[in-house]
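Written out below as structure tokens is the structure these notes cover.
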Amino acid sequence: MSFRKLLEAFEGEETLPVPVDRIAKWLMDNGIQDEIDFVGVDLDTGVIRGFLHRFTYHKVPYGAPVMCANIYYARNQDQDWINLVCAKELIHMMDKNHRVTKKEQFDTLISRLVLPRELKVLLEDPAYALSDKFGDAFAAAILLPLASRSLLIEPYKNDEVTAADIALVAEMPVHYVRLVMSDEWPAAYERMKTIGETAKPPVANTP
Amino acid sequence: MNAKENGALESLLFGSDGAGVADFKCFRGDRDDVSEDDLRDQIHSALMQKRMKRASISKDAPRKAPIVSQNIREFVKGLAEPA
């Protein structure tokens with residue numbers, strides 16, 4: 001299933017904030033995930049804000065495997081960050097082409113996540129690592145949907161509302177509000193919709 | 001994180017037989033100088049907090065306060081009116 005269906009399910013939303021529960025429900029209603037648990041833990045948010053751990057288990061011997069997702073989030077962070085982290089990790093469940101299922105892939109992912117910024121630009125990532133880095137943009141797209149953006153864009157450009165005001169209403173970090181309200185966002189959004197249709201993540205397009 | 005600790009992390013994530021994991025993704029923090037060991041330590045700590053029943057586990061998405069919903073069409077309309 002492509003990201004188009006997920007994005008289109010939320011893009012007409014004119015009420016904020018978009019509850020994270022609705023994203024989880026959408027994934028389960030569409031058969032993408034059987035069980036989802038949110039796991040609040042104490043983390044150093046300078047190092048990591050959360051992570052997704054998906055696994056299968058058998059409820060009964062020889063029964064069909066149950067697909068379970070544990071979404072770990074730092075409970076010692078504000079609601080706006082909790083929403084973004086949980087939304088991002090939920091959305092990754094859509095990305096069946098770029099899963100980390102082997103220890104070697106896990107090691108590579110960890111090594112890529114800690115690269116200095118300069119090297120991140122220069123080195124080509126494996127698709128699953130690239131997908132991990134772009135996940136927050138998808139989360140931002142769901143938490144501040146296109147219809148709400150369209151209503152807010154004129155007052156935003158006229159300085160009648162600030163990114164901080166919108167962040168308060170949308171319950172998402174202000175950095176991501178600026179991303180969604182940027183002039184480049186509609187083009188980026190259209191590109192995000194095609195992911196999954198081509199089975200390739202977006203190509204890093206850094207200056 | 002030494003080799004033994006790393007082995008413990010991998011067992012927690014992948015299971016002792018290395019099978020059963022369907023995906024792993026991570027939301028990195030903002031600090032510039034994060035090392036691989038920092039990340040592994042924090043992931044290991046989180047998995048252990050769950051195992052030691054020190055985590056808050058819920059089927060519902062976490063909330064610190066009830067949601068206050070705002071219709072954005074009405075919000076924008078209200079911007080033209082005096083506060």
Side-chain angles (χ1 to χ4, degrees), chain A residues 14-17 19-21 24 36-57 67 70 72-73 75 78-79 82-83 85-86 88-89 92-93 99-101 103 106 109-111 113-114 116-117 131-132 135-136 147-148 151-152 154-155 160-161 169, chain B residues 1 6-7 9-15 18-43 45-52 54-65 67-80:
Chain A
E14 294 184 356
T15 299
L16 298 179
V20 173
D21 274 330
I36 299 172
D37 283 337
F38 295 92
V39 184
V41 290
D42 298 321
L43 291 171
D44 178 347
T45 56
V47 175
I48 184 170
R49 289 188 174 275
F51 61 90
L52 166 69
H53 184 212
R54 278 179 106 186
F55 51 91
T56 54
Y57 75 98
M67 180 69 93
N70 283 347
Y72 287 80
Y73 64 94
R75 57 189 165 196
D78 291 336
Q79 186 69 53
I82 289 176
N83 291 344
V85 169
C86 291
K88 171 191 175 280
E89 304 308 345
H92 276 308
M93 294 177 202
R99 289 178 181 166
V100 172
T101 59
K103 290 176 185 176
F106 172 73
L109 177 66
I110 294 295
S111 67
L113 286 172
V114 301
R117 189 184 59 82
S131 160
D132 204 8
D136 50 355
S148 292
L151 290 167
L152 288 162
E154 195 179 317
E160 292 171 273
V161 284
V169 178
Chain B
M1 178 171 267
N6 197 38
L9 167 61
E10 289 184 347
S11 289
L12 285 168
L13 270 181
F14 294 91
V21 71
D23 199 5
F24 177 88
K25 292 290 189 300
C26 174
F27 200 123
R28 188 197 186 283
D30 308 324
R31 226 174 66 198
D32 285 335
D33 60 340
V34 174
S35 70
E36 289 188 38
D37 273 356
D38 291 335
L39 268 179
R40 288 174 193 274
D41 283 342
Q42 288 295 305
I43 295 164
S45 165
L47 294 166
M48 286 307 290
Q49 286 177 57
K50 179 172 182 261
R51 189 153 285 199
M52 294 188 294
R54 293 182 182 193
S56 334
I57 302 174
S58 172
K59 296 280 179 202
D60 299 322
R63 292 292 315 170
K64 295 200 169 192
I67 284 191
V68 179
S69 293
Q70 174 84 56
N71 181 289
I72 299 305
R73 194 172 287 276
E74 288 173 12
F75 171 72
V76 169
K77 209 182 287 178
L79 289 172

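Chain letters run A, B, ... following the sequence lines, proteins first and then strands; every chain starts at 1. Note that these values count all heavy atoms, side chains included, but never hydrogens, waters or copies made by symmetry. Only a predicted model underlies this, so the values are computations on that prediction, with no experimental measurement involved.
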Which atoms of A/Ser111 are under 4.5 Å from chain B, going by heavy atoms: the side chain, the backbone, both sets, or neither? both
Could you pull out the closest heavy-atom pair between B/Lys25 and A/Phe51, with the gap in Å? O-CB, 3.0 Å
Residues B/Phe14 and A/Thr101: closest non-hydrogen pair is CE2-O, 3.7 Å
Pairwise side-chain contact, A/Asp44 with B/Asp38, heavy-atom cut-off 4.5 Å (strictly under): no
Return yes when atom CD of A/Glu154 has more than 12 non-hydrogen atoms of other residues, nucleotides or ligands closer than 6.0 Å, and no otherwise. no
Would you say B/Glu36's side chain and A/Val114's backbone share a donor-acceptor pair under 3.5 angstrom? no
Segment of A/Met93 engaging chain B (4.5 angstrom heavy-atom cut-off): neither
Should A/Asp78 and B/Lys64 count as an ion pair when the cut-off is N to O under 4.0 Å? no
Side chain, backbone, both or neither: which part of A/Tyr73 has an atom under 4.5 Å from a heavy atom of chain B? side chain
Is it the backbone or the side chain of B/Ser69 that comes under 4.5 Å from a heavy atom of chain A, or both, or neither? both
Working to the nearest 0.5 angstrom, can you tell me the gap between B/Ile67 CD1 and A/Asn83 CG? 7.5 Å
From B/Ile57 atom CD1 to A/Asn70 atom CG, the distance as rounded to the nearest 0.5 Å: 7.0 Å
So, do A/Leu16 and B/Phe75 sit near enough that their side-chain heavy atoms are less than 4.5 Å apart? no
Which atoms of A/Val169 are under 4.5 Å from chain B, going by heavy atoms: the side chain, the backbone, both sets, or neither? side chain
What are the two closest heavy atoms between A/Gln79 and B/Pro62, and how far apart are they? NE2-O, 3.1 Å
Restricting to non-hydrogen atoms, name the atom on B/Asp23 and the atom on A/Val100 that form the minimum distance, rounded to 0.1 Å. OD1-N, 2.7 Å
Answer whether the closest heavy-atom distance between the side chains of B/Ser45 and A/Val41 falls below 4.5 Å. no
Does any heavy atom of chain A fall under 4.5 Å from the side chain of B/Asp32, the backbone, both, or neither of them? neither
Of the backbone (N, CA, C, O) and the side chain (C-beta and beyond), which part of A/Asp42 lies under 4.5 Å from a heavy atom of chain B, both, or neither? both
State, yes or no, whether a side-chain contact exists between B/Asp30 and A/Arg49 at a heavy-atom distance under 4.5 Å. yes
Can you tell me how far the NZ atom of B/Lys50 sits from the NE2 atom of A/His53, to the nearest 0.5 Å? 8.5 Å
What I'd like to find out is whether the side chain of A/Phe106 reaches to under 4.5 Å of the side chain of B/Arg40, using heavy atoms alone. yes
Are B/Arg28 and A/Ile48 close enough, and set up right, to give a side chain to side chain contact (heavy atoms under 4.5 Å, CB included), and what steps lead you there? CA-CA 4 Å; B/Arg28 188 197 186 283; A/Ile48 184 170; over 6 Å; no
Most chain A-contacting option - heavy-atom pairs closer than 4.5 Å, from B/Asn71, B/Val76, B/Leu39: B/Leu39
Give the minimum heavy-atom separation between A/Asp21 and B/Ala61, together with the two atoms involved. OD1-N, 2.6 Å
Taking side chain as everything from C-beta outward and backbone as N, CA, C, O, which of these in A/Ile36 sits under 4.5 Å from a heavy atom of chain B? Side chain, backbone, both or neither. backbone
For B/Val34 and A/Gly46, which heavy atoms make the closest approach, and how far apart are they? CG2-O, 3.5 Å
Measuring only between side-chain heavy atoms, which start at C-beta, is A/Tyr72 closer than 4.5 Å to B/Ile43? no
If you count heavy atoms of other groups shown closer than 6.0 angstrom to CZ of B/Arg54, is the number above 12? no
